[in-house]
Protein chains: 2
Amino acid sequence: MPTNPNEQSKNPDLRLINKALAMICGKWRLYIILLLGEQTLRYTQLSELLPGISEKVLAGELKALVALGVMKRKAYAEMPPRVEYKLSKKGRLALPILNQLQEVGQLFN
Amino acid sequence: MPTNPNEQSKNPDLRLINKALAMICGKWRLYIILLLGEQTLRYTQLSELLPGISEKVLAGELKALVALGVMKRKAYAEMPPRVEYKLSKKGRLALPILNQLQEVGQLFN
DNA sequence: CTGCATCCTTCGCGATACTG
DNA sequence: CAGTATCGCGAAGGATGCAG
């Protein structure tokens, strides 16, 4: 829509916004992403780092984030089972911007 | 919190995250902020730019965003009434980061 | 260990009618 | 014009128990 060359303020794109909101909104979603950061964590480790989250919610959020392409799930055929979660390539690309949201939060302390 | 000099990966701060989420989560909140951007808009203009939003929700979101300190409300004692909304200083400071969320959305198209 | 099924409560959001 | 009041539904999230 840059029909006007001196128009520097681009209209917000509702579709892109909703895409972004889908992966960060909710009580735990963004926190899980930032927590993962560059590391790989197992299901149990995540549940310990997210005190108060219920099993149902944690499993659901992880599944949703994997479906969104933000993170990868790797299950090992062992006994007992072991499952590891890490950010996908795209997830790591988004990480710097998502981290800056904390600075936004700081602004409004 | 940089007690450890070689600690470059900062733990996510749940409090700051929640502060940030409070102002962008929800179906309309972030979109309203980005829409406002640098301009000043009246109540009716906003409702036209947000097709489908109900009166109750729009009024509620505006009130909430003002309470959060993201935007300012200015009412003129005229007849008929006129009320203008614009981002606060802090809101404008946060704007660049919030705009980048659209790039995150683009990543996951 | 990992995670799904069930039940229940709360909250976000929409529709509509009404007011200063 | 700029909202508030009321009603209602569906989704989000918590508690608990069960399963591979």
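Quick note on labels: first sequence line is chain A, next is B, and so on, each numbered from 1.
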Reckon G26(B) touches a base, only the sugar-phosphate, or nothing at all at heavy-atom distances under 4.0 Å? sugar-phosphate
Starting from P on dG20(D), measure out to CZ on R82(A) and report it in whole angstrom. 23 Å
Separation of dC13(C) P from E61(B) CD (nearest whole Å): 6 Å
Report the distance from atom CG of L62(A) to atom C1' of dC1(C), rounded to the nearest whole Å. 14 Å
Is the phosphate of dG3(D), meaning OP1 or OP2, less than 4.0 Å from a side-chain N or O of Y85(B)? yes
Expressed as a whole number of angstroms, how long is the span from M79(A):CE to dG20(D):P? 12 Å
Check for a donor-acceptor pair, side chain of K86(A) on one end and backbone N or O of K72(A) on the other, with a separation under 3.5 Å. no
Of all the nucleotides listed (dT6(C), dC7(D), dA2(D)), which has the minimum atom distance to the side chain of K56(B)? dC7(D)
Is any NZ, NE, NH1 or NH2 atom of the basic residue among E84(B) and K74(B) found under 4.0 Å from an Asp or Glu carboxylate oxygen of the other? no
Quick one: which of dG3(D), dC13(C), dC4(C) gets closest to the side chain of R73(B)? dG3(D)
Considering only heavy side-chain atoms of P81(B), the closest of dC13(C), dG3(D), dA2(D) is dA2(D)
Go through dA2(D), dC4(C), dC1(C) for me and flag the one nearest to the R42(A) side chain. dC1(C)
Which whole-number value in Å describes the distance from L50(B) CG to dA15(C) P? 14 Å
Validation row: R29(B), L68(B) side chains within 4.5 angstrom (heavy atoms): yes
Under 3.5 Å donor-acceptor, Q39(A) side chain and L35(A) backbone: yes
Closest to the T44(B) side chain: dC1(D), dC4(C), dG13(D)? dC1(D)
Please report the distance, rounded to the nearest Å, between CG in L58(B) and C1' in dT4(D). 13 Å
Expressed in angstrom and rounded to an integer, what is the separation of W28(B) atom CH2 from dG12(C) atom C1'? 13 Å
Would you mind telling me which of dG14(D), dC4(C), dT4(D) lies closest to the side-chain atoms of A59(B)? dT4(D)
Could you tell me how far apart I53(B) (CD1) and dG14(C) (P) are, to the nearest whole angstrom? 7 Å
Which of dC4(C), dG14(D), dA2(D) is nearest the side chain of V83(B)? It is dA2(D)
Scan side-chain atoms only and decide if E55(B) and Y43(B) contain a donor-acceptor pair under the 3.5 Å cut-off. yes
Between dA2(D) and S47(B), is there an OP1 or OP2 to side-chain N/O distance shorter than 4.0 Å? no
Which of the following nucleotides, dC1(D), dC13(C), dG14(D), is nearest to the side chain of K27(B)? dC13(C)
